Amino acid sequence: MSRYNFAQTEAKWQRRWRESGVFRVAAQRGRPKYYVLEMFPYPSGKLHVGHIRNYTMGDLVARYRRAQGFNTLHPMGWDAFGLPAENAAIASGVHPAGWTLDNIRTMREELQRMGFAYDWSREIATSDPEYYRHEQKMFLEFLKAGLAYRKESWVNWDPVEMTVLANEQVIEGRGWRSGALVEKRLLAQWFLRITAFADELLEALAGLDRWPERVRVMQENWIGRSQGARVHFELVGKGESVEVFTTRHDTLFGASFLALSPNHPLSLRLAEKDPELAAFIAECNRLGTSEAVIEAAEKRGYRTGLEARHPLDERRRVPLYVANFVLMEYGTGAVFGCPAHDERDLEFARKYGLPVIPVVLPAGEDPARFAIGETAFVGDGVLYNSEFLNGLSVEAAKQAVAERLEALGRGRATTVYRLRDWGVSRQRYWGTPIPVIHCETCGIVPVPEEDLPVTLPQDVRFDTAGNPLDRHPTWKHVPCPSCRKPARRETDTLDTFFESSWYFLRFCSPRAADAFTAEDARYWMPVDQYIGGVEHAILHLLYSRFFTRALRHCGYDLDFDEPFAGLFTQGMVCHQTYQTSEGEWLFPEEVRSEESGRLVDPRGRPVMAGRLEKMSKSKKNIVGLERIVETYGADTARLYLLSDSPPERDLEWTEAGIEGTWRYVNRLWRMVSAPPLPLPPPGAAPPSALGPQLEPFRRQIHKTIAAVTDDLDKFRFNRAVARIRELSNALEELPLEAPGAASLLRFGLETLCRLLSPMMPHLAEEMWEALGGKGLLAAEPWPKAEPALLRDEEVTIAVQVNGRLRATLMMPRDAARPEVEQAALALPQVARWLDGRAPKKTVVVPNRIVNIVG
RNA sequence: GCGGACGUGGCGGAACGGUAGACGCAGCAGACUUAAAAUCUGCUUCCCCUUCGGGGAGUGCGGGUUCGAUUCCCGCCGUCCGCACCA
């Protein structure tokens, strides 16, 4: 008996699947569909085991749904634009396109060696002009619809690289690669008007019942809707007013100051004539982003000397400050302070000696005595000290104030959002060119549709800083499509999140002349099960939700709003990290354990074992997929990734764990390659009646089918694996001498194959074939449990005395209460623990438990 | 600070309010073997009495509801994640 030859077997079945085209699908109207999608990868080089956990889960779902009869779409492609390709170009002179294609080739091979059931005929790469031409068209349509626009915006500018950096690329105020101090620059940038859909995106979250709660909460916070009012405060003697945003307009009569953001236009204007204020503003800006957190506690303000009139009481005036805690980016960049009912305002008021006027009285307090001490009162109560609002609740007062303000023309109820429009401009080469032309006469002119795609020039150099498109000698010089005068192309490219915002649609019609066809999208969309990392909880998922709506708004024929009906966010794969005493990271395979247990590196230097962390290249704690597949095979890796932890939690990759799985793979193979007794030919009907020895085994097979099916439906893959292992344990204990054992064993093994096939498809096919199965197991239906066999004829009933387990009892299923009770009371253990007392009460839970209280 | 999740053996983890620790990893003992690997069998939450067997404690801590709580409620402690001067 030889060991299971995974290398040969896996190659064999991969070939058969490919040749038979089983995983190729086409829309078939009237047939139920299922669309499984894993977040497509960026082709960064090689895969490690951390990458493939979600593909393994996706493949399990795809194969399982297929077996259940769904026409299952399971595509794969490449998020192929992005910075690493350019970094590689800068570092080693390779062209981003070649680098990317090489990586795609490697990674495609690696995925194919894993045996994933993708429809490879639908493969796409977003860097392909055949892909991005459609998104250039989308961009132009957004432009036409007013959903894309250009405006000046502050960006992180790296003066050495001469490029804009994303926030994540700024580390402690410096460019991540150049180390240069990042400057804030005002640059004209392209934006998508995602805020136009803020309400819709927020409200539709409630309907995403197959999304994780926390992702919905994160998106909700990100959109950050807050309902309040805009209020105008007229500046005394200035003939202008300041507009503030507040959610507590009910407390307007408690106002004791007004505060502007240091970047508020009025602050800047005032600073022109007030050097002290200018210095204060400069100081606020210097504190900037990262240090602001540290200094958070300190609220500081600068008193401008101006005063504002209270909008509801002409006689009252409040001082105007410029304060460091007011953000220009939120609301109107100005606030009014009501210290009695806001913690931050109270801190500010105490510091600058401003009045604290309570206007909301907590229930049960005496208005004559109530005073604000250390903390502001932010709860509900009844208004007082507030003229026409006195006696109203907070809610009623808000409404009354809004109405009054509106009547006076000094404000109105309004809603603001934390969400900003999506800046899509990148001063980068390796991305989709933004298809517009700048003409001195005509302004911004869209590239005519017949001229799409605007493709990237191949002859670019990365040896100097800045955007190669901008430096290219000819590329940007084109005649204006409108007036024919010399003009220049936009040299910014699109954020790569643009590509991933609609790729799921392209997969429906990957070779269509248009971005997608309405028929295909109607049939396949929405994605039934989307699987990916929680790190995309906000941006990618929100952008995709926005895109779906925006495309529809622009006339694309889509009959749904939400692209992803079900979302699952899987945990990361972690591994121990290793470091030398000099702090140098080591790959796991570089670390050797001496006999003493001491860890050393290849040169014998001591190594410290660090904490478990997410596999990443930087910490070198990665386990290469290639080595694992060569040592244990794809199936072993797949099963291990599914079995060791619940899918939503992090998984620790250990060599011992994969070894254990490998032993199980061999055990399974032995069970069919060398069965303990000759099996009847396939297709022979199992005996209808089995003796009492075998009957429980038959029931267990059916129970396993039911349990595994339920577990897979609920994404409890680790439990499903445990059930399957229980079944294989049971099949090894089958009483072989009992009549019908061979036939039952065949049934058990065939069931095992079917249940295993989504997890370990190659092994399952090989086992199936060894059992004499005809055709591909991948084309076989999912097994069905016989409902009658899921319930036992005889049940074990736990017997408790005063809530403590004292004995168990075998009874026929659904035995009558008195019978069970009597049987329990007759037990010697019960008599012993009752110790002569009469039972006061007996609780009987049918088929489960008897509790005797005495 | 706000919001969310989580806390069970040496480890990963199972348990519709009903026999806590399924399944696996690691460990220990044994069988097979000249030997090793592989394989197989048994044991493995802790403590106590012990021959069989039995008893007690136990799911972060403290309370509560219940015949019965890992599960539900209240209050702490801890870990992780997200957001954070949001007006």
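Here the structure is a predicted model, which means the values were calculated and not measured. Below, read A as the first sequence line, B as the second, and so on, with proteins coming before strands; counting in each chain starts at 1.
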**Request:** Would you indicate which nucleotide in B:C81, B:A84, B:U19 comes nearest to any side-chain atom of A:R418?
**Result:** B:A84

**Out of B:G18, B:G12, B:A87, whichever nucleotide has its closest atom nearest the side chain of A:V335** = B:A87

**Rounded distance in Å - CZ (A:R420) to P (B:C83)** = 14 Å

**Item:** Under 3.5 Å donor-acceptor pair, A:N221 side-chain atoms to B:C83 base atoms
**Value:** no

**Request:** Using the P atom as the reference point in each nucleotide, state the distance between B:C11 and B:U45 in Å, no decimals.
**Result:** 13 Å

**Asked** Between A:W662 and A:Y640, is the gap from one ring center to the other below 6.0 Å?
**Response** no

**Complete:** From CD of A:E347 across to P of B:G1 the rounded distance in Å is 14 Å

**Complete:** Side-chain contact check for A:R832: nearest option of B:C86, B:G54, B:U19 is B:G54

**Request:** Considering just the side-chain nitrogens and oxygens of A:R649, establish if one lies under 4.0 Å of OP1 or OP2 belonging to B:G13.
**Result:** yes

**Item:** First encountered from the 5' end of RNA chain B, between A:G657 and A:V853
**Value:** A:G657

**Request:** Describe, in one word, how the ring planes of A:W669 and A:Y4 are oriented to each other, choosing from parallel (under 30°), tilted (30 to 60°) and perpendicular (over 60°).
**Result:** tilted

**Item:** P gap between B:G60 and B:G55, integer Å
**Value:** 25 Å

**Prompt:** Considering every strand shown, what is the Watson-Crick or G-U wobble mate of B:U71 when both distances are under 3.5 Å?
**Reply:** none

**Message:** Below the 4.0 Å mark, does B:C25 have OP1 or OP2 next to a side-chain nitrogen or oxygen of A:R663?
**Reply:** yes

**Item:** Euclidean distance, atom CG of residue A:L651 to atom C1' of B:G13 [Å, nearest integer]
**Value:** 11 Å

**Item:** Whole-angstrom distance between B:G62 and B:C77, as gauged at atom C1'
**Value:** 10 Å

**Fill in**
Taken to the nearest whole Å, CD/A:E726 to P/B:C23 is 5 Å

**Fill in**
Sorted by position of nearest nucleotide on RNA chain B, 5' first, the leading residue of A:F245 and A:V850 is A:V850

**Prompt:** Side-chain N or O of A:R344 less than 4.0 angstrom from OP1 or OP2 on B:C86?
**Reply:** yes

**Message:** Just checking A:F257 against A:Y352, ring centres under 6.0 Å apart?
**Reply:** no

**Prompt:** With distance as the sole criterion, do the side chain of A:K299 and the base of B:C85 form a donor-acceptor contact below 3.5 Å?
**Reply:** yes

**Prompt:** How far does the C1' atom of B:A29 sit from the matching atom of B:U44, given to the nearest Å?
**Reply:** 11 Å

**Item:** Ring-face cation contact, A:F325 with A:R344, 6.0 Å cut, 45° max
**Value:** no

**Request:** Considering only NZ, NE, NH1 and NH2 on the basic side and carboxylate oxygens on the acidic side, decide whether A:R225 and A:E203 come within less than 4.0 Å.
**Result:** yes

**Message:** The side chain of A:Y330 is closest to which nucleotide in this list: B:G24, B:C67, B:A87?
**Reply:** B:A87

**Prompt:** What interatomic distance, in whole Å, is found between C1' of B:C52 and the corresponding atom of B:C46?
**Reply:** 23 Å

**Prompt:** Around atom CD of A:Q822, are there more than 12 heavy atoms of other residues, nucleotides or ligands at under 6.0 Å?
**Reply:** no

**Asked** Which nucleotide, B:G4, B:G18, B:C86, lies nearest any side-chain atom of A:R214?
**Response** B:G4

**Message:** By the 4.0 Å heavy-atom rule, please label A:V845 as base, sugar-phosphate, or nothing.
**Reply:** base

**Request:** Could you give the distance separating B:A20 and B:U59 at their C1' atoms, to the nearest angstrom?
**Result:** 8 Å

**Fill in**
Here the distance between atom P of B:U19 and atom CZ of A:R806, to the nearest Å, is 15 Å

**Asked** Of the nucleotides B:A87, B:C25, B:C23, which has the atom closest to the A:N729 side chain?
**Response** B:C23

**Asked** Of the nucleotides B:G13, B:G82, B:C40, which has the atom closest to the A:S645 side chain?
**Response** B:G13

**Message:** Output the rounded distance in Å from CE (A:M218) to C1' (B:G4).
**Reply:** 10 Å

**Message:** For B:C6, give the paired nucleotide (Watson-Crick: N1-N3 plus N6-O4 or O6-N4; G-U: N1-O2 and O6-N3; both under 3.5 Å), or none.
**Reply:** B:G78

**Message:** Please classify the nucleic acid contact of A:E652 as base, sugar-phosphate, or nothing, using heavy-atom distances under 4.0 Å.
**Reply:** nothing

**Prompt:** Does the side chain of A:W833 get closer than 4.0 angstrom to OP1 or OP2 of B:G55 through an N or O atom?
**Reply:** yes

**Request:** Searching all strands shown, indicate the nucleotide that pairs with B:C23 (Watson-Crick or G-U wobble; both distances under 3.5 Å).
**Result:** B:G12

**Item:** Side chain of A:R804 (C-beta onward), nearest among B:A57, B:C83, B:C23
**Value:** B:A57

**Asked** Syn or anti for B:G75, taking syn as within 90° of 0?
**Response** anti

**Greater than 12 external heavy atoms within 6.0 Å of A:Q399's CD** = no

**P spacing across the pair B:U41 / B:C25, given as an integer number of angstrom** = 13 Å

**Request:** Kindly point out which of B:C85, B:G13, B:C23 is positioned nearest to the side chain of A:R725?
**Result:** B:C23

**Complementary nucleotide of B:A38, counting Watson-Crick and G-U pairs under 3.5 Å** = none

**Asked** Across the strands shown, which category fits A:N718 at heavy-atom distances under 4.0 angstrom: base, sugar-phosphate, nothing?
**Response** sugar-phosphate

**Message:** Using a 4.0 Å heavy-atom cut-off, does A:V326 contact any base of the nucleic acid, only the sugar-phosphate backbone, or nothing at all?
**Reply:** base

**Request:** Please say whether more than 12 non-hydrogen atoms of neighbouring residues, nucleotides or ligands are located less than 6.0 Å from CZ in A:R350.
**Result:** yes

**Prompt:** With under 30° as parallel and over 60° as perpendicular, where do the rings of A:H540 and A:H536 fit, or are they tilted in between?
**Reply:** perpendicular

**Complete:** Separation of B:G53 atom C1' from A:Q829 atom CD, nearest Å, is 12 Å

**Request:** Quote, to the nearest angstrom, the C1' distance that separates B:U71 from B:U65.
**Result:** 13 Å

**Request:** Have a look at A:G660 and say if it touches a base, only the backbone sugar-phosphate, or nothing, with a 4.0 Å heavy-atom cut-off.
**Result:** sugar-phosphate

**Asked** Base, sugar-phosphate, or nothing for A:T661, non-hydrogen atoms under 4.0 angstrom?
**Response** nothing

**Nearest-Å distance for atom pair NZ/C1', residues A:K703 and B:A22** = 14 Å

**Message:** Looking only at the side chain of A:N324 (C-beta and beyond, no hydrogens), which of the listed nucleotides B:G13, B:C23, B:C85 gets closest?
**Reply:** B:C85

**G-U wobble or Watson-Crick pairing nucleotide for B:C32 (cut-off 3.5 Å, both distances)** = none

